[in-house]
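Every heavy atom of this structure was used, including side-chain atoms; hydrogens, water molecules and symmetry mates were not.
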Amino acid sequence: MKKIVLLLLFSTSLFAQKTETIELSKSIKDNKNSVKKFTVIDQRPNKEVGNVMYHKDQINIVFKDNAEKSLTDWFYKNNPEKGKDELVLLLENLEVIEDKKEKFSIGKLNFRASTFIKKEDGYHFLFRKDTVTSVSSRTTPYLAQSLSKKISLIFTDLFKNYYQKTPWEFTVSESELTDYAVLLKEKLDIFKVDKLEDGVYKDYYSFFTHKPEPGFTLKTNDKGIVTKAVKGEEKKGIRHFYAFVHNGIAYKNIPIGYVEIFKNDQGLFIEVKKSELFPETSSNGAMIGGMAGGLIGGIIGAVIDASTQSSRRGNGGSEVYLDPFTGHYILPEDFGKAK
């Protein structure tokens, strides 16, 4: 009788645990055929992705093999060895957790991975995907399937962004990869200079490395609002640039205009309300994502120190930091919630 009971318990345990495999099947072809060698470094302390429940069954979300082999096989299937670059993907965090409520559950996904080009002088940073997303069982009962698809889409986006990026001039050694974010941030001129040059910055990298576009001057309207940058006969609206510097104050474009950029020990940030950063007209995720990376204002002289008083400070907004590795917003967990 004891043997029968144990056998039944063992069978029930096996039945209660199922798997959802992360399908890496979308095209990540590099049309430039630039990569000769691709390497994955999985630095996660816990190599498991995580699990969620489906009724009484535990669903483990897994790679087909391990992360390194699955990602490598996927990459080479789309990109045979033809180029000269050595591409390295550093997997920093990939974690699924389930937040169980009284009548429903929320599956949460934390993801961070970065790409580098390996050269003789070290590892040159390319791009980082750092995101948090979630799925509610009130929307779909298949949390594991939905989260697995999100993981696949995020990896696909990471590769496609790599193809569009230029390697940073700064490097870290292989032994420094674990602390690359701290080490590279220390090398960015935006955190070292006392005064920025007047002008416009075409993207987040030129801004954080303090390299304004040569030859452009800022123009204001009759109300003193910066509206465009001019270089000879060439005229560009200020929203075509990541940032600009005007009269010694740093600004960033948001949908309602532009706001000052402040600085403290943690980095650069703006003070905004959710309604200012993501107004109701931004009705879809694609537009919000675009604003996070592209619609940005300008800077003029120096980044204002956080201790300096400003007319916008204390407006009830939240501190939203600028990610020097993506140019995107780092939104606080309570962003937009009543305080």
Side-chain angles (χ1 to χ4, degrees), residues 17-28 40-55 57-75 89-115 127-162 181 274 278 282 284-293 320-321 323 325-337:
Q17 292 196 35
K18 300 180 179 180
T19 60
E20 176 69 35
T21 302
I22 301 167
E23 295 292 337
L24 301 174
S25 58
K26 291 188 176 296
S27 173
I28 51 170
V40 176
I41 300 175
D42 187 355
Q43 69 171 25
R44 296 175 297 155
N46 182 4
K47 306 304 182 185
E48 295 182 358
V49 177
N51 58 74
V52 293
M53 296 299 295
Y54 177 68
H55 298 308
D57 293 338
Q58 177 179 300
I59 312 296
N60 298 314
I61 300 175
V62 300
F63 287 97
K64 180 180 179 181
D65 298 293
N66 54 48
E68 293 99 325
K69 188 175 188 308
S70 296
L71 291 168
T72 302
D73 289 349
W74 179 37
F75 183 86
L89 187 152
L90 182 67
L91 185 54
E92 304 168 67
N93 188 22
L94 177 54
E95 178 188 29
V96 166
I97 57 176
E98 183 175 8
D99 184 8
K100 297 179 181 179
K101 307 295 184 179
E102 184 177 350
K103 296 183 179 180
F104 65 96
S105 292
I106 297 176
K108 296 182 178 180
L109 168 63
N110 297 308
F111 182 98
R112 176 184 286 183
S114 301
T115 51
F127 185 72
R128 179 166 77 180
K129 191 72 177 178
D130 188 358
T131 188
V132 176
T133 187
S134 62
V135 179
S136 173
S137 63
R138 291 184 296 185
T139 304
T140 173
Y142 306 108
L143 293 182
Q145 187 179 62
S146 296
L147 290 167
S148 176
K149 288 181 178 179
K150 285 181 179 291
I151 293 171
S152 178
L153 289 172
I154 292 171
F155 272 118
T156 302
D157 185 61
L158 175 66
F159 280 111
K160 290 185 176 180
N161 269 284
Y162 144 67
K274 185 177 181 180
F278 304 126
S282 302
N284 60 69
M287 182 175 293
I288 291 176
M291 287 192 289
V320 175
Y321 284 84
D323 186 348
F325 298 99
T326 64
H328 295 175
Y329 305 127
I330 302 175
L331 303 176
E333 291 186 7
D334 60 347
F335 190 57
K337 297 179 181 179

Quick check: does any side chain N or O of Asp157 sit under 3.5 Å from a backbone N or O of Leu153, one acting as donor and the other as acceptor?
no
Counting N and O atoms only, with roles assigned by atom type, does the side chain of Trp74 sit under 3.5 Å from a partner on the main chain of Ser27, one being a donor and the other an acceptor?
no
To the nearest 0.5 Å, atom CG of Leu143 lies from atom OG of Ser148 at 12.5 Å
Donor-acceptor pair, side chain of Thr115 and main chain of Leu89, under 3.5 angstrom
no
In the structure I gave you, are the side-chain heavy atoms of Leu24 and Leu71 within less than 4.5 Å of one another anywhere?
yes
Check the pair Val62 / Glu20 against side-chain contact (heavy atoms from CB on, under 4.5 Å), numbers first and verdict last.
CA-CA 6 Å; Val62 300; Glu20 176 69 35; over 6 Å; no
Contact between Leu147 and Gln145 at the side-chain level, heavy atoms closer than 4.5 Å - yes or no?
no
Contacts of Leu331 meeting side-chain contact (heavy atoms from CB on, under 4.5 Å) (sequence neighbours excluded), chain-then-number -> Leu277, Phe278, Val320, Tyr329, Phe335
Quick one: sort the Tyr54 and Tyr142 rings into parallel, tilted or perpendicular, breaks at 30° and 60°.
parallel
Separation of Lys150 NZ from Ile61 CD1 (nearest 0.5 Å):
12.0 Å
Evaluate Val96 against Asn110 for side-chain contact (heavy atoms from CB on, under 4.5 Å), listing each step before the verdict.
CA-CA 7 Å; Val96 166; Asn110 297 308; over 6 Å; no
Do side-chain atoms of Lys149 reach the backbone of Ile22 as a donor and acceptor pair under 3.5 angstrom?
no
Validation row: Lys101, Lys103 side chains within 4.5 angstrom (heavy atoms)
no
In the structure I gave you, are the side-chain heavy atoms of Ile28 and Tyr162 within less than 4.5 Å of one another anywhere?
no
Is there a side-chain contact between Lys69 and Asn66 (heavy atoms, below 4.5 Å)?
yes
Run the side-chain contact (heavy atoms from CB on, under 4.5 Å) test on Arg128 and Arg112 for me, step by step, so that the C-alpha distance in whole Å, both residues' side-chain angles and the decisive distance to 0.1 Å come before the verdict.
CA-CA 7 Å; Arg128 179 166 77 180; Arg112 176 184 286 183; 3.9 Å; yes
Quick one: does Ser136's side chain have a donor or acceptor within less than 3.5 Å of a partner on Arg138's backbone?
yes
Within the 4.5 Å heavy-atom criterion, are Leu90 and Gln43 side-chain neighbours or not?
yes
Exercise: identify the closest heavy-atom pair between Leu91 and Arg44:
CD2-NE, 3.6 Å
Please tell me whether Glu23 and Ser152 have a donor and an acceptor in their side chains that are separated by less than 3.5 angstrom.
no
I want to check something: taking the side chain as every heavy atom from C-beta on, are Thr140 and Val135 in contact at a cut-off of under 4.5 Å?
yes
Taking atom NZ as the centre, does Lys47 end up with more than 12 heavy-atom neighbours from other residues, nucleotides or ligands that are less than 6.0 angstrom away?
yes
Rounded to the nearest 0.5 Å, what separates atom CD1 in Ile41 from atom OG in Ser114?
11.0 Å
Quick one: do Lys18 and Asn60 satisfy side-chain contact (heavy atoms from CB on, under 4.5 Å)? Show the steps, please.
CA-CA 6 Å; Lys18 300 180 179 180; Asn60 298 314; over 6 Å; no
Value rounded to 0.5 Å, distance of CG in Leu109 from CG in Asn93
8.5 Å
4.5 Å side-chain heavy-atom contact, Ile59 and Met53:
no
Considering non-hydrogen atoms only, spot the tightest contact between Glu68 and Asp42 and give its length.
OE2-CB, 3.4 Å
Donor-acceptor check, side chain of Ser70 to backbone of Asp65, threshold 3.5 angstrom: yes or no?
yes
Separation between CZ of Phe111 and OG1 of Thr131, rounded to the nearest 0.5 Å:
9.0 Å
Please round to the nearest 0.5 Å and tell me the distance separating atom CG of Leu158 and atom CG of Asp130.
11.0 Å
Cationic N near anionic O, under 4.0 Å, Lys64 to Asp73:
no
Please name the pair of heavy atoms, one in Ala113 and one in Glu92, separated by the smallest distance, quoted to 0.1 Å.
C-OE2, 3.7 Å
